[in-house]
Asker: 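I'd like to ask some things about the structure below.
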Amino acid sequence: MVRITLKDGSQREYPRGTTILQMVEDISGKLARKSLVARFNERLVDLGTPVNEDGRLEILTFDDEEGQEVYRHTSTHIMAQAVKRLFPDTGLAIGPPIEKGFYYDFDSSHTFTPDDFAQIEREMQRIIESDYPVVRREISREEALKLFREKGEPYKVELIEALPEGETISIYQQGEFIDLCAGPHLPSTGRVKAFKLMSLAGAYWRGDERNKMLQRIYGTSFPQKALLDDYLYKVEEAKKRDHRRLGKELDLFVVLDEGPGFPFFLPKGMIIRNELERFWREEHARAGYQEIRTPVILNRGLWERSGHWDHYRENMYFTVIDDEDYAVKPMNCPGGMLVYKQHLHSYRELPLRMAEMGLVHRHEKSGVLHGLMRVRAFTQDDAHIFMLPSQITDEIKGVIDLVNKFYALFGFSYHVELSTKPEKAMGSDEIWEKATAALQQALEEKGMNYKINEGDGAFYGPKIDFHLRDSLDRTWQCGTIQLDFQMPELFDLTYVGEDGERHRPVMIHRVIYGSIERFIGILTEHFGGAFPTWLAPVQVRIIPITERQHDYARTLEERFRAAGVRVEADLRSEKVGYKIRDGQMQRIPYLLVVGDKEVEAGTVAVRKRREGDLGPRPVEEFLAHITSEIASRAIN
RNA sequence: GCCGGCGUGGCUCAGUGGUAGAGCAGUCGAUUCGUAAUCGACAGGUCGUCAGUUCGAAUCUGACCGUCGGCUCCA
């Protein structure tokens, strides 16, 4: 007998060799139907695994992250099986589960198009209805190589060859289909209930652009049709919050054919932008920053000195002035270095925090441009902090605090990554380790959760990145803190120390918004265009019911404007319902309906975005309310 | 840059080889209305660009440009 301890602490005994599935059926029929995979003694295993030792058993369902992964993993095997049946000469690369579904990379003489989806889905349905058991088998390396060579699966052979010595090699079989796979999997193909193929993409083998491009098919699956429908509905809803769509609908910004990757900001978008900058200037002054502005075009010698000429050239734009080479700045730092060098600095001045709303241009590959999120010209809310080595940790912690303060104001949640030395880097390993350790220490002391992103640092130093999510849950890097020992060296920056000698300062590059453009993109999606009142391009719209109230509306408009409120009166010859609808669609925070009653009483009927009609309020009262809401930069 | 999809009035889209359409938005007129679309009229497009096939191309073919989803790369 084996003794099994369940999650709730209860214990049961079963004959040696009883499978987990048999145990679950014994425990609860309901749980058995929902069970997808199990964790036995902290290892994920198939439900069909026979148990030969005592241990802790946990049954996982679709409510568990691992349960979802296994569900999608089996789903992608089903897709691969269907594709193999329909297009037998297709080679299999890899097919993992991902956050909201799964994909499989194929190498096929057939070029897949979305028109193939229906056919593949039909075949998948057949495989599901056949309810093939999914059977695990562990085999030797030689056996595995032989099997996949015979099957003509070169990618699988390459994967096996890359597996470390002594690694267990397992294969999973369902019907005629066999795949190299660590597992675990669902017990049978019939467990997959609702699925849909979503999209198609090219993807390089092993993620390396020097390798062959494979064809990737994305799909998703759920244990119930209703969950799938719900997911698809949410995706559609999220698309309505797309900043490119809202930017157009709300007249905020636009990217035109005449300037791919070079966004235009329209009057309403400029209001948001200027409000963000105003807030930024207030907070930076408070945090002890000075503001500078450096030129957009600077000569070749500067970029050679900074290392950009050698390390960043493919992303830069160039021009020639009076037969001399110049470059359009892709970063603000070299200009900032020159500003520092305008004076001899004392240790007493440090840390010196110099901020710059710097417009940079970078040549991005055409395929990566994306609305405001990924553009070729953007404004970084940059700052360079020059400091003593002893000030590093405190300064980094100060920047982290500032980032937290900004993001909290907008109600963002975000995740943090620490990026280490890339292949193409300047400076010794020792310096990199020192810099990386300093960043790590600051994160630890702040108690921040973070993940390490190997080899993803800037060429001059490691960095802490802050990532925000867009409406479709894609993440974008916004804030970043980069520690740099290189630039001070290259530009021979010095300060005079207590000892009267010259010393080398250390530098931080940092941004909070990241790029104003990207940040506005994220903001637009985050709020679905319904910006908090302090950011809203139009804060109040006055809606007279008939022409009789036009004078009153105009008086109110003037009064609000004088109080610093962004207001407009809708004097069009339309019915209230029409004007309300229009105001709501423009996401205006407050619509003030004024009819004869309001004129009589000197009130406004307040309609608040989301909350609807709040009834009449004295003008004074409303004005006091909205001005304080704006001044406090409240999120509502 | 690479793979696949898409490109028709300002916007959303219909139109698969035979004289370019609708709704919304716009303009003009009527309407003066109490919380998400009042009615009518008018105006607006060399169908992304350039080649090619054809008696004839929005429609078929190719290249290029842009865009969307990914990959690689990045704020």
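Small disclaimer: the values here were computed from a predicted structure and weren't measured. Below, each value reflects all heavy atoms present in this structure, side chains not excepted, and no hydrogens, waters or symmetry copies. Letters go in sequence order (proteins before strands), and every chain restarts at 1.
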Asker: Please give, in whole Å, the distance from B:rA36 P to A:D613 CG?
Answerer: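 Value for this atom pair: 9 Å.
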Asker: Closest to the A:M213 side chain: B:rG70, B:rC33, B:rC68?
Answerer: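 Output: B:rG70.
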Asker: Return the value, rounded to whole Å, for the distance between atom CG of A:D208 and atom P of B:rC3.
Answerer: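 Interatomic distance, CG of A:D208 to P of B:rC3: 16 Å.
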Asker: Watson-Crick or G-U wobble partner for B:rG56, using a 3.5 Å limit on both distances?
Answerer: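 For B:rG56, the partner nucleotide comes out as none, under the 3.5 Å rule.
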Asker: Quantified in whole Å, what is the C1' atom distance between nucleotide B:rG66 and nucleotide B:rU49?
Answerer: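 Result for the C1' pair: 10 Å, nearest Å.
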Asker: Has the side chain of A:R374 got a donor or acceptor atom sitting under 3.5 Å from an opposite partner on the base of B:rC73?
Answerer: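 Yes.
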Asker: For nucleotides B:rG62 and B:rG26, find the distance between their P atoms and express it as a whole number of Å.
Answerer: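 Nearest-Å result for B:rG62 against B:rG26 at atom P: 42 Å.
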Asker: In terms of relative ring orientation, are A:F466 and A:Y407 parallel, tilted or perpendicular, with 30° and 60° separating the classes?
Answerer: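 If you compare the ring of A:F466 with that of A:Y407, the planes turn out perpendicular.
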Asker: Counting side-chain heavy atoms from C-beta on, which of B:rA37, B:rG5, B:rG69 comes nearest to A:P114?
Answerer: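 So the side chain of A:P114 is nearest to B:rG5.
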Asker: Would you please confirm or rule out a distance under 4.0 Å between OP1 or OP2 of B:rA36 and any side-chain N or O of A:Q584?
Answerer: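 Negative; the distance criterion is not met.
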Asker: Taking the side chain of A:I580 as heavy atoms from C-beta outward, which of B:rG66, B:rG1, B:rU35 is closest to it?
Answerer: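 Looking only at heavy atoms from C-beta outward on A:I580, the closest nucleotide is B:rU35.
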Asker: Does some side-chain heavy atom of A:K329 sit less than 4.5 Å from a side-chain heavy atom of A:H308?
Answerer: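 The answer is no, as the side chains (C-beta and beyond) never meet within the 4.5 Å cut-off.
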Asker: Using the P atom as the reference point in each nucleotide, state the distance between B:rG48 and B:rG15 in Å, no decimals.
Answerer: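 It works out to 15 Å between them.
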Asker: Expressed as a whole number of Å, how far does the C1' atom of B:rU19 sit from that of B:rG4?
Answerer: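 Their C1' atoms lie roughly 36 Å apart.
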Asker: Within 45 degrees of the axis of the six-membered ring of A:Y103 and under 6.0 Å from its centre: does A:R216 put its NZ or CZ there?
Answerer: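 Flagged: A:R216 positioned over aromatic ring of A:Y103.
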Asker: Picking from B:rG26, B:rU35, B:rC74, which would you name as closest to the side chain of A:R572?
Answerer: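 Given the options B:rG26, B:rU35, B:rC74, the side chain of A:R572 is closest to B:rG26.
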Asker: In whole Å, I'd like the distance from the CD1 atom of A:I543 to the P atom of B:rA37.
Answerer: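 Distance, rounded to whole Å: 12 Å.
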Asker: Taking NE2 from A:H370 and C1' from B:rC68, how many angstroms apart are they, rounded to a whole number?
Answerer: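 Rounding to the nearest Å, NE2 of A:H370 and C1' of B:rC68 are 9 Å apart.
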Asker: Find which nucleotide of RNA chain B each of A:Q380 and A:V594 is nearest to by heavy atoms, and output the residue with the more 5' nucleotide.
Answerer: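 It is A:V594 whose nearest nucleotide is closer to the 5' end.
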Asker: Which nucleotide in the set B:rA37, B:rU32, B:rG1 lies at the smallest distance from any side-chain heavy atom of A:Y578?
Answerer: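 So the nucleotide nearest the side chain must be B:rA37.
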Asker: Output yes if the stacking criterion (under 5.5 Å between centres, under 30° between planes) is met for A:F378 over the base of B:rA75, else no.
Answerer: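 Per 5.5 Å and 30° rule: yes, stacked.
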Asker: Parallel, tilted or perpendicular for A:F112 and A:F106, by the 30°/60° rule?
Answerer: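 Rings of A:F112 and A:F106: tilted, 30 to 60°.
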Asker: 5'-most contact on RNA chain B: A:T113 or A:R581, nearest heavy atom basis?
Answerer: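 Comparing both residues, the 5'-ward one is A:T113.
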Asker: Which is true for A:A201 with a 4.0 Å heavy-atom rule: it touches a base, it touches only sugar-phosphate, or it touches nothing?
Answerer: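 Base: the residue A:A201, judged by heavy atoms under 4.0 Å, touches a nucleobase.
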Asker: Considering every strand shown, what is the Watson-Crick or G-U wobble mate of B:rG4 when both distances are under 3.5 Å?
Answerer: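 Across all strands, the one nucleotide that pairs with B:rG4 is B:rC68.
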Asker: Using the P atom in both, what is the distance from B:rC3 to B:rA63, to the nearest Å?
Answerer: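 It comes out at 11 Å once rounded to the nearest Å.
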Asker: Tell me the partner of B:rG40, counting only Watson-Crick (N1-N3 plus N6-O4 or O6-N4) or G-U wobble (N1-O2 and O6-N3) with both under 3.5 Å; none if nothing fits.
Answerer: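 Across any shown strand, B:rG40 pairs with B:rC28.
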Asker: With a 6.0 Å cut-off on the ring centroids, do A:W309 and A:F318 count as close?
Answerer: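 Ring centres of A:F318 and A:W309 closer than 6.0 Å.
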Asker: Quick one: is A:R474 getting a side-chain N or O under 4.0 Å of the B:rG69 phosphate, OP1 or OP2?
Answerer: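 So the side-chain polar atoms of A:R474 do come within 4.0 Å of the phosphate oxygens OP1 or OP2 of B:rG69, strictly under.
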Asker: Applying the Watson-Crick and G-U wobble criteria at under 3.5 Å, what pairs with B:rC33? Answer none if nothing qualifies.
Answerer: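 By the stated definition (distances under 3.5 Å), nothing pairs with B:rC33.
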Asker: Evaluate the side-chain proximity of A:V565 to A:F622: yes if any heavy-atom separation is below 4.5 Å, no if none is.
Answerer: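 No, every pair of side-chain atoms sits at 4.5 Å or beyond.
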Asker: With both distances under 3.5 angstrom, what nucleotide forms a Watson-Crick or G-U wobble pair with B:rC50?
Answerer: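 B:rC50 is paired, partner B:rG62.
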Asker: What's the closest nucleotide to the A:S573 side chain, out of B:rA36, B:rU31, B:rG34?
Answerer: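 My answer, after comparing the listed nucleotides, is B:rU31.
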Asker: Between the side-chain atoms of A:Y218 and the base atoms of B:rG4, is any donor-acceptor pair under 3.5 Å?
Answerer: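 Under the 3.5 Å cut-off, the side chain and the base do not form any donor-acceptor pair.
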Asker: Taking atom P of B:rA36 as reference, at what distance in whole Å does atom CD of A:E611 sit?
Answerer: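 It is 16 Å, rounded to the nearest whole Å.
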Asker: Just how far, in rounded Å, is P of B:rU38 from CG of A:D570?
Answerer: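 The answer, rounded to whole Å, is 12 Å.
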Asker: Could you work out the separation of B:rC13 and B:rC74 based on their P atoms and round it to a whole Å?
Answerer: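 Their P atoms lie roughly 34 Å apart.
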Asker: Considering only B:rG4, B:rU72, B:rG66, which nucleotide approaches the side chain of A:T111 most closely?
Answerer: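 Closest of the options to the side chain of A:T111: B:rG4.
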Asker: To the nearest angstrom, how far is A:R510 atom CZ from B:rA75 atom C1'?
Answerer: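 So the CZ-C1' distance, A:R510 to B:rA75, works out to 13 Å.
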Asker: Suppose you measure atom C1' in B:rG9 against the same atom in B:rA30; what distance do you get, rounded to whole Å?
Answerer: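 Straight-line distance between the two C1' atoms is 27 Å.
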Asker: Given B:rG10, is OP1 or OP2 found less than 4.0 Å from the side-chain N or O atoms of A:K248?
Answerer: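 No, because none of the side-chain N or O atoms of A:K248 sits under 4.0 Å from OP1 or OP2 of B:rG10.
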Asker: Is the base of B:rG34 touched by the side chain of A:E598 through a donor-acceptor pair closer than 3.5 angstrom?
Answerer: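 Yes, a donor-acceptor pair under 3.5 Å.
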Asker: Going by purine N1 to pyrimidine N3 plus the second Watson-Crick contact, or the G-U wobble pair, all under 3.5 Å, which nucleotide sits opposite B:rG23?
Answerer: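 WC or wobble partner is B:rC11.
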Asker: Examine A:Y513 together with A:F378 and report whether their ring centres are nearer than 6.0 Å.
Answerer: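 Between A:F378 and A:Y513, which both carry aromatic rings, the centre distance is not below 6.0 Å.
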Asker: Can you tell me how far P in B:rG44 sits from the matching atom in B:rC28, rounded to whole Å?
Answerer: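 Going atom to atom, P in each nucleotide, I get 16 Å.
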Asker: As a test of reading the structure: which of B:rU35, B:rA75, B:rG1 is closest to the side chain of A:S366, going by heavy atoms?
Answerer: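 Nucleotide nearest to A:S366's side chain: B:rG1.
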Asker: Between B:rG70, B:rU38, B:rG69, which one does the side chain of A:D242 approach most closely?
Answerer: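 Among the listed nucleotides, the one closest to the side chain of A:D242 is B:rG69.
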Asker: When all nucleic acid strands are considered with a 4.0 Å heavy-atom cut-off, which category describes A:D596: base, sugar-phosphate, or nothing?
Answerer: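 Contact class for A:D596: base.
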Asker: Under 4.0 Å, counting only non-hydrogen atoms across every strand here, what does A:R216 touch: a base, just sugar-phosphate, or nothing?
Answerer: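 Counting heavy atoms under 4.0 Å across all strands, the contact made by A:R216 is with sugar-phosphate only.
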Asker: Taking CG from A:D116 and C1' from B:rG4, how many angstroms apart are they, rounded to a whole number?
Answerer: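 Distance check: A:D116 CG to B:rG4 C1' gives 11 Å.
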Asker: Treating A:R72 as the side-chain partner and A:T220 as the backbone partner, does any N or O pair qualify as donor plus acceptor under 3.5 Å?
Answerer: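 Judged by distance alone, no pair lies under 3.5 Å.
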Asker: Has A:S419 got a side-chain atom pairing as donor or acceptor with A:P462's backbone, closer than 3.5 angstrom?
Answerer: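 Not a single qualifying donor-acceptor pair exists.
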Asker: Given B:rC71, B:rU72, B:rC33, which nucleotide is nearest the side-chain atoms of A:K575?
Answerer: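 When the side chain of A:K575 is considered, B:rC33 is the closest of B:rC71, B:rU72, B:rC33.
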